[in-house]
Trainee: 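Mind looking over this structure? Questions follow.
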Amino acid sequence: MEIHIDLTGTRGHRAAIYRQLRAAILDGRIRPGEALPPTRELAQRLAVSRTTVSAAYDRLTAEGFLTGRVGAGTFVTASAAARPEPSHVSGVRPLPEWDAVPPPPAPFAPAPEFDFRPGVPDLTRFPFDTWRRLVTQRLRAGQADLMTYGDPQGHAALRAEIARHAGVSRDVRASAARVVVTAGAQQTTDLVARVLLRHGDLAAVEDPGYPPPRLVLEARGVRVAPVPVDAEGIVVGAIPAGTRLVYVTPSHQYPLGLSMSLARRLELLDWAERADAVLVEDDYDTEFRYTGRPLEPLHSLDSRGRVVYVGSFSKVLSPALRLGFLVAPPSLVPALVKARYLTDWHAPNVEQAALAAFMAEGGFARHIRRMRKVYRERHELLSAVLARDFADFLTPLPSTAGLHLSAAAGTDTRPLVRAARRHGIRLYALGDFAVAGPRHGLVFGYGAVAAERIEPGLARLRALVDGGTA
Ligand SMILES: Cc1ncc(COP(=O)(O)O)c(C=O)c1O
């Protein structure tokens with residue numbers, strides 16, 4: 001085994017070898033039962049005398065970390081691993097803001113039997129073959145320019161395609177110069193907060209709402225006001241005076257699924273102008289629209305440069321790409337590009353170039369059309385079964401787009417959600433997304449659940465309701 005021991009700058013070699021071996025045993029880099037290198041070999045490698053290494057081994061043996069077997073070598077003892085990690089009580093502590101941020105979700109939680117979680121597309125239908133071809137082509141062409149540092153604003157060809165796509169599909173008219181490629185929609189709130197908000201400033205989010213933007217702001221020391229949402233959208237009159245940024249999901253409110261009315265959109269824009277505030281418009285999943293004509297995004301209604309429009313490739317393709325975009329007023333673009341540069345420089349070039357080619361050759365639009373059909377079927381089926389089997393318990397909220405729909409309930413649904421998870425059904429309670437006011441109801445995602453799993457999943461949920469878990 002190659003144990004890394006660094007003696008540069010140390011004068012007490014024996015103590016340094018002892019300390020580093022002990023640390024490697026305690027943190028599990030060297031496991032119980034593993035053999036240490038013979039003293040002669042390690043001494044040679046470190047250019048120290050053999051007695052120096054032997055002395056370090058002897059001390060570790062005396063303390064119970066090592067045991068020697070004559071003729072066989074020196075081994076880590078079984079009990080060594082059982083020692084608790086040192087607690088570092090007085091170690092470096094993050095700012096208290098970070099204590100309030102919950103840990104990230106477990107990345108590889110096994111899929112349950114019935115997966116109604118919101119916000120994920122059907123990844124079994126990701127265009128794997130096309131994507132492999134597009135990435136391979138980029139790599140095979142030996143494009144060295146893709147392997148160096150790229151443009152923090154985003155690959156030029158991709159920005160041009162995004163500008164075209166946003167214009168055609170969402171009526172977001174903007175040149176590529178106003179597009180910034182992001183690491184997913186989530187990065188936008190962070191970038192905007194970096195360039196516009198100071199510690200202690202006030203921002204507002206929808207309540208109920210998508211938690212990460214609120215957490216991003218709070219972790220930066222921004223005060224965040226939860227503002228109630230009614231049937232028309234965020235209640236503009238309830239946004240506190242002094243608010244500098246409002247994060248909203250007008251096309252498909254997360255999690256309620258409603259669309260913000262035109263009157264409310266105009267009221268919000270007027271408010272933003274009077275308050276000298278910025279609106280972050282998260283349009284994360286409305287490429288999938290099933291009925292009705294979409295209302296114009298805030299971005300298109302805005303004539304005064306108040307809106308940062310946010311799009312994502314997570315729902316149309318895959319969240320693993322970590323690719324999204326923002327369209328910003330020209331006054332903000334240079335600072336946002338600098339913020340992206342200072343944060344993580346830019347998105348991976350090869351993936352950006354592959355996505356640009358996918359969009360340019362029409363595959364992206366075809367994929368959206370294909371997936372819209374798939375999700376429409378699930379949306380209709382889910383709505384029909386809820387109306388047929390849950391009318392006494394749930395009132396579905398109008399939702400014409402995206403990958404989830406919600407339903408209001410008369411009682412707290414969190415116990416039901418916990419019971420459902422124990423019975424192989426993953427879904428969320430509206431209350432999971434509420435900050436201040438209670439919200440009773442359920443959120444049904446249909447990106448991850450195949451159409452044929454919807455009825456059996458809801459039948460099992462119904463049995464839990466009837467069994468008195470609700
Ligand atoms: C409302 C909303 N915005 C943004 C995101 C995250 O998007 P991205 O993966 O692009 O960061 C999600 C993901 O579920 C979402 O539901």
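Note that ligands are numbered from 1 as they come in the structure, with each ligand's atoms numbered from 1 the same way. Atom set for the values below is all heavy atoms of this structure, side chains included, hydrogens, waters and symmetry mates excluded.
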Trainee: Mind checking whether Ser314 contacts ligand 1 via backbone (N, CA, C, O), side chain (CB onward), both or neither, at a 4.0 Å heavy-atom cut-off?
Mentor: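 Near ligand 1, Ser314 shows its side chain, while the N, CA, C and O stay back.
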Trainee: State the atoms of ligand 1, each with its element, that fall below the 4.0 Å cut-off from a heavy-atom position in Asp282.
Mentor: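 Those atoms are 1 (C), 2 (C), 3 (N), 4 (C).
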Trainee: Give the residue, atom name and distance (to 0.1 Å) of the protein heavy atom nearest atom 16 (O) of ligand 1.
Mentor: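 Its nearest protein heavy-atom neighbour is Tyr254 CE1, 3.2 Å.
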Trainee: Report yes if some N/O of Tyr284 lies less than 3.5 Å from some N/O of ligand 1; otherwise report no.
Mentor: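 N/O-N/O distance below 3.5 Å does not exist for this pair.
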Trainee: Any atoms of ligand 1 less than 4.0 Å from a non-hydrogen atom of Gln186? List them with their elements.
Mentor: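 This gives 11 (O) as the contact atoms.
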Trainee: Which of these passes side-chain contact (heavy atoms from CB on, under 4.5 Å) with Leu268: Val307, Leu301, Ile234?
Mentor: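 Running side-chain contact (heavy atoms from CB on, under 4.5 Å) over Val307, Leu301, Ile234 with Leu268 returns exactly one hit, Ile234.
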Trainee: Do Arg378 and Phe444 meet the cation-pi criteria used here (NZ or CZ under 6.0 Å from the six-membered ring centre, within 45° of the axis)?
Mentor: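 Relative to the ring axis of Phe444, which defines the angle, Arg378 lies outside at least one limit.
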Trainee: Any salt bridge linking Glu455 with Arg388? Criterion: basic side-chain nitrogen under 4.0 Å from a carboxylate oxygen.
Mentor: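 Between Arg388 and Glu455 there is a salt bridge, with a charged N closer than 4.0 Å to a carboxylate O.
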Trainee: Any idea which protein heavy atom is nearest atom 7 (O) of ligand 1, and the distance to it?
Mentor: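 For this ligand atom, the closest protein heavy atom is Ala185 CB, 3.7 Å.
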Trainee: Just to confirm my output: which protein heavy-atom neighbour is closest to atom 14 (O) of ligand 1, and how far is it?
Mentor: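 Here the nearest protein heavy atom works out to Lys315 NZ, 2.6 Å.
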Trainee: Count the heavy atoms of every other residue, nucleotide or ligand shown that sit under 6.0 Å from CZ of Arg304, and state whether that count exceeds 12.
Mentor: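 Atom CZ in Arg304 is packed in, count exceeds 12.
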Trainee: For atom 5 (C) of ligand 1, which candidate among Tyr210, Phe313, Phe433 holds the nearest heavy atom?
Mentor: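 It is Tyr210 whose heavy atom sits nearest to atom 5 (C) of ligand 1.
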Trainee: Verify the distance criterion only: is there a donor paired with an acceptor across the side chains of Thr291 and Arg376 at less than 3.5 Å?
Mentor: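 There is no such pair between these side chains.
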Trainee: In sequence, state the C-alpha distance, the side-chain angles, and the governing distance for Arg214 and Glu218, and then conclude on salt bridge (Lys or Arg N to Asp or Glu O under 4.0 Å).
Mentor: CA-CA 6 Å; Arg214 173 174 56 82; Glu218 287 176 347; 3.5 Å; yes
